[in-house]
Amino acid sequence: MSRFYVTTPIFYVNDVPHIGHAYPTITADALARWHRMMGDDTMFLTGTDEHGLKIQRAAEENGVTPQDQADTTSKRFRDAWELLDISNDQFIRTTEPRHHVSVQELLTRVKDNGYIEKATYAGHYCVSCEAYYNDGDLVDGDHCPIHERPVEWLEEENYFFKLSSLEKELTEWLTSDTVFPEGKRNEALGIVKLGLEDVSITRTSIDWGIPVPWDEDHVFYVWYDALINYATAVGFGSDSAEFERWWPHAHHIIGKDILRFHCVYWPAMLIAAGLEPPREVHVSGYLLLGGKKLSKTGLTQIAPADLVADFGVDGYRYHFLRDVSFGPDSEFSYESMVTRYNTDLANTLGNLLSRVATVVAKKCDGIGPAPTADSPLAPVAAECYAKAADGWSRFQTSVALEATWFLLRETNAYLEKHEPWKLEAGSLEVADVLGDALEVLRITAILASPALTRASTSIWQAIGLDGSPTDQRLPDAAEWGGYPGGCSVTKGAPLFPRLAVE
RNA sequence: GGCGACGUAGCUCAGUUGGUAAGAGUGCUCGACUCAUAAUCGAGAGGUCGUGGGUUCAAGUCCCACCGUCGCUACCA
């Protein structure tokens, strides 16, 4: 049995959940669900990032404490993930006591190992980014290039992390199979090749953060506190046996905007602390609207709940897992969501279940027959399973689902070829054809369950099986012949009612 | 300026280490069917794999240049 520890970024609580947050979270969720079915020891973590100047100021503006501010927004993320059937094992918040202990412990180790020193830092600071900028990076003289707001001049005595002394170790780590896709690994490698400068990791200008244990005037800069959440959640600083169990099996899913932090700073911190860097980092692109970043389009105003209202949880999840190719930037469009829903979910899958259920009712008295061992669909199912498993293992969710749907299309063609609705009721041939189709529905319910958390169970029940698809164990459950026959097949309301094209 | 990514059918994209006459879905055209959610099935049209060179028996897949889009980074200031 292998271990699979998957994480999403932890989301900053100045922003409410939108589809840009939901995308990596759904991806991580589907992967976690797949690995659970594979029988892997699986841990799925998400959470919220709650420290920093921006939170402190937002709280002041709202007339509440930073903790209140964090509590409110953090809950909105938990609610959003509940709505989307996110099956995270843990939800970490960086304001938790266990995280404070963990951060202080990890960075103390870094310091004890000689990787932290004191120096003065001064520069243009963007409160929104929580980052310093060089003059050349600014636009319009004094505006942050990301937020296009004026930066502020800050000068403070800080502790620095001696990143520059870890180039060799980082190059070594990045040269192995660690960052995906490969292009992103080269990008990270490029950052290291250009030469690394030591980075400031503490602040004295604010107090909404985790105190530096060896100097009470300082708190850790929010980024360095945030990264450590991945270690905290699996027991660093609190449960060494648990930490041993999960680390370094981490698979981080991130957006390309935080590549530098996850592919350079984070592994460097771990190495400096005498720990192993994460196993893998998977970098996704941006969701775009009209070729522009989500954050610049107003699309962040679209709450997942709005789309769930139109497409259902399954429709929402399926669209992002199937239509977004993990890695490159991806164009978001409502129209393509409608198309995908209608063709794959309503037509290919939903309609297949409907027609099979109807014919079983008419020709087999509603009792689903067993499949045939030598069905021509058996090798197709085996190949689709292999491709799907490969897709899931490479974080290529769209590849995995495309492979799964191929089996459904072949099954529709198989029905067309044998026309069971024209055959004699109760005949052997009609039982064979319908048994094969039901077997495909059983296998598909399992293979699609990481995406279709609800419909997969509906299909399972409609073809008369007990339990649920998520209780099945792969790869055995995907073997042809698992449908026992003799089950009562029921035709319910359409699984995915077609959506009118607007 | 330096480094890097990307550029494959109208659209969205697969193409793992170079090798069967370029793939899928969707869209479009034609035909079939009517069990089914006006669903399904079949056939077809549609690509100089950004452009131009090069390496090789063989390149979408490697090398160089250029064009386009984007990113990281530097300097001048």
Side-chain angles (χ1 to χ4, degrees), chain A residues 133-138 141 145-146 177 179-197 255-260 263-264 283 285-286 288 291-293 319-320 322-333 335-364 384 387 390-391 393-406 408-423 425 430 433-434 437 455 489 491-501:
Chain A
Y133 282 96
N134 297 321
D135 288 357
D137 298 328
L138 302 176
I146 308 259
D177 276 345
V179 178
F180 300 89
E182 200 174 329
K184 293 296 190 295
R185 174 162 64 238
N186 288 336
E187 206 167 310
L189 215 42
I191 291 172
V192 177
K193 275 183 190 163
L194 279 170
L196 298 172
E197 292 187 9
K256 67 180 185 181
D257 53 324
I258 52 179
L259 179 141
R260 168 183 294 269
C263 300
V264 180
V283 187
Y286 294 137
L288 307 176
K292 291 184 176 176
K293 283 174 63 178
H319 164 72
F320 284 98
R322 174 63 184 82
D323 273 331
V324 178
S325 182
F326 189 91
D329 290 351
S330 182
E331 198 70 33
F332 172 86
S333 95
E335 290 67 32
S336 66
M337 268 187 99
V338 172
T339 300
R340 184 59 74 184
Y341 174 96
N342 279 339
T343 58
D344 282 15
L345 299 183
N347 298 352
T348 305
L349 173 59
N351 183 58
L352 175 63
L353 176 64
S354 290
R355 67 197 306 207
V356 168
T358 297
V359 182
V360 168
K362 287 183 179 174
K363 303 290 183 179
C364 305
C384 287
K387 283 185 179 170
D390 178 61
S393 76
R394 293 188 294 128
F395 285 49
Q396 295 299 304
T397 61
S398 68
V399 171
L401 291 171
E402 159 62 20
T404 304
W405 255 253
F406 181 79
L408 293 169
R409 282 186 236 105
E410 288 295 300
T411 304
N412 273 318
Y414 180 71
L415 291 180
E416 215 64 38
K417 184 181 175 189
H418 293 278
E419 301 183 306
W421 46 87
K422 286 185 177 174
L423 299 173
V430 85
V433 173
L434 292 173
V489 174
K491 175 163 183 174
L495 217 46
F496 298 103
R498 275 183 67 84
L499 297 171
V501 180

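Chain naming here is simple, since letters A, B, ... match the order of the sequence lines and numbering starts at 1 in each. Reckoned from all heavy atoms, side chains included, excluding hydrogens, waters and symmetry mates. Everything numeric in this text was worked out from a predicted model, so none of it was measured.
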Table of protein N/O atoms under 3.5 Å from nucleotides 1-12 of chain B N/O atoms:
none

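At a threshold of 4.0 Å, the pair A:E416-A:R355 counts as salt-bridged, since one of the basic side-chain nitrogens sits closer than that to a carboxylate oxygen. Ionic pairing of A:E410 and A:K417 is not present here: no N-O contact between side-chain nitrogen and carboxylate oxygen is shorter than 4.0 angstrom.
Among the atoms of the strands shown, base atoms are found under 4.0 Å from some heavy atom of A:L495. Using a 4.0 Å heavy-atom cutoff across all strands shown, A:T339 reaches sugar-phosphate atoms only and no base atom. Nucleic acid contact class of A:F496 (heavy atoms, under 4.0 Å, all strands): base. Using a 4.0 Å heavy-atom cutoff across all strands shown, A:K362 reaches sugar-phosphate atoms only and no base atom.
Ranking B:G27, B:A36, B:U40 by closeness to the A:N412 side chain, first place goes to B:U40. Side-chain proximity of A:N347 to the nucleotides B:A39, B:U34, B:U37 is greatest for B:A39. Considering only side-chain atoms of A:A346, the nucleotide from B:C41, B:U37, B:G27 that sits closest is B:U37. Across B:U40, B:G15, B:C33, the shortest atom-to-atom separation from the side chain of A:K422 is found for B:C33. The A:R260 side chain lies nearest to B:C72 when the options are B:C35, B:A14, B:C72. Distance from the side chain of A:R355 is smallest to B:U40 among B:U40, B:C33, B:C72. Candidate nucleotides B:C41, B:U37, B:G25 were compared by shortest atom distance to the side chain of A:E402, and B:G25 ranks first. Distance from the side chain of A:P328 is smallest for B:A14 among the nucleotides B:A14, B:U37, B:C33.
A:L259 has its CG atom 11 Å from the P atom of B:U73, to the nearest Å. Distance, A:E197 CD to B:C72 C1': 14 Å, rounded to whole Å.
Panel note: side chain A:T339, backbone A:S336; no donor-acceptor pair is recorded below 3.5 Å. A:S330 contributes no side-chain N or O that, together with a main-chain N or O of A:F326, makes up a donor-acceptor pair within less than 3.5 Å. Between the side chain of A:N342 and the main chain of A:R498, no donor-acceptor pair closer than 3.5 Å is present. Between the side chain of A:T348 and the backbone N or O of A:T343 there is at least one donor-acceptor pair closer than 3.5 Å.
Using a 4.0 Å cut-off, some side-chain N or O of A:K491 falls inside it from OP1 or OP2 of B:U37. For A:R498 and B:A38, the shortest distance from a side-chain N or O to OP1 or OP2 is not below 4.0 Å.
Only the P atoms considered, B:U73 is 29 Å distant from B:U17, to the nearest whole Å. Comparing the P positions of B:U56 and B:C75 gives an interatomic distance of 43 Å, to the nearest angstrom.
The environment of OH in A:Y414 is crowded: more than 12 heavy-atom neighbours from other residues, nucleotides or ligands sit within 6.0 Å. Annotation for A:K256: atom NZ counts as buried by contact number, over 12 foreign heavy atoms lying within 6.0 Å.
Inter-residue side-chain proximity for A:R340 and A:F320 is flagged as unmet; no heavy-atom pair is nearer than 4.5 Å.
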**Q.** Pairing pattern in dot-bracket form [Watson-Crick, G-U; both distances under 3.5 Å; | = partner strand] for RNA chain B
**A.** (((((((..((((.....[...)))).(((((.......))))).....(((((..]....))))))))))))....
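Note that A:R394 lies outside the cation-pi zone of A:F180, set by a 6.0 Å cut-off to the ring centre and a 45° limit from the axis.
In terms of position along RNA chain B, the nucleotide closest to A:F326 lies nearer the 5' end than the nucleotide closest to the other residue of the pair A:F326 and A:R322.
For B:A36, the base has a donor-acceptor partner in the side chain of A:N351 [N/O atoms by modelled type, under 3.5 angstrom].
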